Structure formats: structure tokens, C-alpha cells
Trainee: 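I'd like to ask you about the structure that follows.
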Amino acid sequence: MNAINRLATVISLATLFPLVVHAAESKGTVEVVHWWTSGGEAKSVNVLKQIVEKDGFTWQDSAVAGGGGAAAMTVLKTRAISGNPPSAAQIKGPDIQEWGKLDLLTNVDDVAKANKWDSLLPQTVADIMKYDGHYVAVPVNIHRINWLWINPVVLKKAGVAKAPTTLEELYAAGDKLKAAGFVAIAHGGQPWQDTTVFEDLVLSIMGADGYKKALIDNDEEALTSSKMTEVFAALRKLQSYMDPDGTGQDWNIEAAKVISGKAGMQIMGDWVKSEWTAAGKNAGTDYECVPFPGSQGIYTYTIDSLVMFKLSKKNDTPGNNAARDDLAKVALEPEFQYVFNQNKGSIPVIKGLDMSKFDSCAQASAKDFAEAEKAGTLEPSMAFNMSTSQAVQGAIFDVVSNFMSDKKADPSKAGKQMYTAIKAAAQ
Ligand code: BGC
């Protein structure tokens with residue numbers, strides 16, 4: 001090789017090499033704290049990861065197991081306090097305002113403006129995502145809470161002719177399922193799962209207005225009413241149908257019992273559909289979804305959202321900021337909204353998507369959402385962080401789970417205890 005050729009080789013290597021490195025190199029990293037760790041949930045969040053990676057960014061997954069997210073929140077607080085926040089974290093409802101007050105959040109107004117979020121999102125949803133008038137979070141879905149999930153084959157085997165529509169029918173179905181040797185209600189005895197059932201019973205027994213008074217306004221009269229005594233008595237009754245092996249059990253392990261035909265029913269938000277979908281089962285044939293008995297016409301919701309944190313000095317690079325903006329952008333694009341929500345069991349949060357691509361449960365959810373909105377019976381879920389601060393929610397969780405574990409607890413005293421606990425927590 002002569003000198004000129006040698007020089008040419010060096011030059012071409014020098015120009016080639018950076019190209020090779022660049023192709024493999026990420027444009028920036030977005031770290032996300034979330035609690036989507038069940039089989040179906042992990043599949044769903046993977047959709048977001050793949051899109052972000054396709055855009056050339058690195059997805060750093062910081063999942064913290066634990067349904068309902070209490071464990072994830074503990075990890076997040078520790079990280080925020082020690083000055084090591086992630087780029088984004090799953091935080092919902094009024095808590096977004098609490099984090100905003102701490103001056104730990106950044107906004108994605110540029111992304112929101114460029115992608116017309118104000119017209120894409122329902123006004124109420126947009127308001128929740130803003131702190132001080134700025135978009136600090138991006139919503140990804142709408143989950144309905146007040147559902148009952150049914151394995152129709154199991155119900156048939158037990159001689160239950162149709163899905164229960166009232167509490168009396170629910171008890172009757174429970175009796176038949178138990179008599180036939182099935183677990184009547186698959187249920188994991190964890191505070192947030194107990195409180196899901198409690199919340200549904202409040203809807204069923206006290207109606208939308210009573211729910212609003214008791215669990216949103218935390219009104220003393222509603223919380224200490226005879227109707228609330230009925231709610232706790234019904235909770236005790238339902239407990240007798242719950243899985244005897246459910247103590248401390250995760251929701252998805254319990255869901256697996258309904259899917260496999262060991263149990264007949266489960267009271268859970270529609271993320272449970274992600275497990276059915278991941279198991280290759282179809283809505284309407286393999287499983288049925290009906291509103292929690294007695295709560296027809298009311299729709300309790302939670303909205304998953306990813307809240308954006310100010311990056312630490314070390315991580316505050318143009319690339320990482322671009323990665324966060326990309327996450328915010330893709331989360332509201334139809335491509336993601338369709339695939340993610342089909343996997344997750346929720347319905348899209350952006351307006352105007354074609355619901356015919358979704359299964360019958362999602363279609364029912366979208367229809368019921370619109371009807372409840374019109375009727376004024378669309379209610380934010382207390383158990384899923386949409387109606388209270390975390391402190392008040394924690395107080396309610398404690399009272400409900402103490403009631404569940406103390407079989408001798410008096411239903412007529414529990415409401416008063418709840419009111420006192422809420423007052424103390426709200427101070
Ligand atoms: C979230 C869902 C999640 C569920 C179970 C809820 O708080 O909104 O997205 O699937 O918890 O972990």
C-alpha cells in the first residue's frame with residue numbers, strides 16, 4: 001500500500017468509525033418509574049418502550065412491583081428527596097398538584113402546543129395534567145374501576161344462569177359457586193384491593209351522590225350515615241365469598257384463578273383485562289365484564305399519567321430532555337393509544353378514536369363513560385388516587401383493611417372511624 005492509499009484508508013476509517021458509533025448510540029435516555037409489572041401490564045408498557053427506542057432514544061425501565069402503586073410512590077419519594085429523580089413517573093390525580101408545589105416538576109408545554117393537546121384531550125383531563133397552567137404530565141388512558149369480571153363457564157357449571165346485576169344476585173351467585181366447590185370471588189387481601197370493593201359498595205348502596213359526599217367531599221353526615229353501616233355490613237358479607245387463600249395475594253395471581261376456571265368472579269378495574277388478553281382469551285366469549293352489581297349508570301375512573309421531573313444536574317443534557325419530550329409526544333399519538341389501550345384494558349384518553357377496533361368490554365366502557373358524563377355520574381375513583389390526597393386515601397385504606405382483618409369489628413362504628421381518620425390525615 002503506497003502512502004496515498006494508506007492515507008485514504010485512514011481517512012475513510014476515520015469518517016466511517018464515527019458513523020458506526022453514531023448508528024448504535026442513543027440520542028438520549030428517558031427513565032420511567034411505573035408499577036406496570038404483571039404479565040399483561042408489562043406487555044402494554046413495552047409498546048411505549050418500543051416506540052421510544054424506534055425514535056432512537058434509550059428507555060430506562062424503573063418498574064416497582066405492587067398493584068395500585070403504593071410501593072412505587074415510596075421509591076419515588078426517596079429518589080426525589082435524595083436529588084435523583086427519574087425523567088418521568090406514573091403519578092395520578094390531585095397528587096400531581098402536590099408534586100408541583102414541591103417545585104420538582106418540569107413542563108412539556110412545547111410538545112403540548114405543537115401537538116395540540118388542548119383540543120386532543122377532554123378539558124377535565126387536561127386540567128389534571130397541568131400545574132399552574134403548564135402541562136407537567138401526559139395522560140395515557142382511562143381505566144374504569146366499577147367492574148365485575150366473570151368466567152361464564154364456571155358460573156354455568158355452578159348453576160348460575162346469568163351475570164348478577166344486584167347485590168342480592170351477587171350473594172346468590174356466590175352461594176352457588178361456593179356450594180359447587182369454586183372460589184366464588186377471586187380477591188387478594190391487600191388494602192387497595194379491599195378498598196376497591198368498598199368503593200364499589202359505596203356506589204351500589206349510596207349512589208353517585210352518596211359516593212360524592214362520602215368519598216370526595218368526605219362529608220361527616222354521609223360517612224357516619226346508616227347507609228355507610230350498610231356498606232360495611234355488605235363488605236363483611238362479600239368477604240365470606242372471597243378466596244380463602246387470598247391473604248396478601250397480588251391481583252394478577254387472583255385473576256389467573258378466574259382465567260383458569262378455579263374461581264368464578266373478580267371485582268377489579270379493567271387492567272385485569274390485560275391478563276385475560278395476555279392469556280389469549282376474548283371478551284364476550286371467554287370472559288364477561290359487567291358493571292359492579294347495583295352501580296349501573298355510574299362510572300368510576302382513574303387516569304394513568306406520566307409526570308415529568310426536573311432532571312438532576314448530571315442528567316440534564318439536551319439528549320435526555322429530547323428523550324422525555326419524545327415520550328410525551330408519542331404517548332398521545334393514535335398509534336400508541338390504540339395498541340397500548342388494547343393491551344392494557346383501558347380506553348384511549350384522546351378524543352375521536354375509532355372504538356370498533358376495540359373489544360366489547362372497551363366498547364361498553366367508552367359508551368358508559370359518555371353516558372355517565374352526560375348524566376353527571378362520572379366519578380373520580382378514591383381508591384385509585386383521583387379524588388383525594390395520598391394521605392387521606394391512606395387513612396381510608398387503613399380503616400377498610402382493619403375492618404377486613406378484624407372479623408368482630410362493628411359495621412356501625414367503621415364510618416365514624418373513617419371520618420376521624422380522614423380528619424387527622426387532612427390536617
Ligand atoms: C393503575 C393501573 C394498574 C393498576 C394495577 C392502578 O393504580 O391505574 O394502570 O394496572 O393500578 O397495578
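Counting convention: from 1, in listed order, for ligands and their atoms alike. Predicted model, so just to flag it, every value in this text is computed and none were measured.
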Trainee: Using heavy-atom distances, let me know which of Trp35, Trp271, Trp36 sits nearest atom 11 (O) of ligand 1.
Mentor: Trp35
Trainee: For ligand 1, which atoms sit closer than 4.0 Å to a heavy atom of Asp304?
Mentor: 1 (C), 2 (C), 8 (O), 9 (O)
Trainee: Looking at Tyr338, I'd like to know if the NZ or CZ of Lys357 sits under 6.0 Å from its six-membered ring centre while staying within 45 degrees of the ring's axis.
Mentor: yes
Trainee: Report yes if some N/O of Thr302 lies less than 3.5 Å from some N/O of ligand 1; otherwise report no.
Mentor: no
Trainee: Is it true that Lys281 and Glu275 have a side-chain N and a carboxylate O under 4.0 angstrom from each other?
Mentor: no
Trainee: Is there a nitrogen or oxygen of Trp192 sitting under 3.5 Å from a nitrogen or oxygen of ligand 1?
Mentor: no
Trainee: Which of the atoms of ligand 1 are close to Gly67, meaning less than 4.0 Å from one of its heavy atoms?
Mentor: 12 (O)
Trainee: Looking at Met382, is its backbone amide N or carbonyl O close enough to the side chain of Glu199 to form a donor-acceptor pair, meaning the two atoms are under 3.5 Å apart?
Mentor: yes
Trainee: In terms of the angle between their ring planes, are Trp59 and His34 parallel, tilted or perpendicular, with boundaries placed at 30° and 60°?
Mentor: tilted
Trainee: Which residue and non-hydrogen atom of the protein lie closest to atom 3 (C) of ligand 1, and at what distance in Å?
Mentor: Glu41 OE2, 3.2 Å
Trainee: Using a 3.5 Å cut-off on N or O atoms only, is Lys344 in polar contact with ligand 1?
Mentor: yes
Trainee: Do Arg236's NZ or CZ and the ring of Phe403 fall within the cation-pi criteria of under 6.0 Å and 45°?
Mentor: yes
Trainee: Report yes or no: is the cationic atom of Lys237 (NZ for Lys, CZ for Arg) under 6.0 Å from the centre of the six-membered ring of Tyr171, at an angle within 45° of the ring normal?
Mentor: yes
Trainee: Touching ligand 1 at all, Gly68? Heavy atoms, strictly under 4.0 Å?
Mentor: yes
Trainee: Write out the residue and atom name of the closest protein heavy atom to atom 6 (C) of ligand 1, then the distance separating them to 0.1 Å.
Mentor: Lys92 NZ, 3.5 Å
Trainee: In terms of heavy-atom contacts, does NZ of Lys213 have more than 12 from other residues, nucleotides or ligands at under 6.0 Å?
Mentor: no
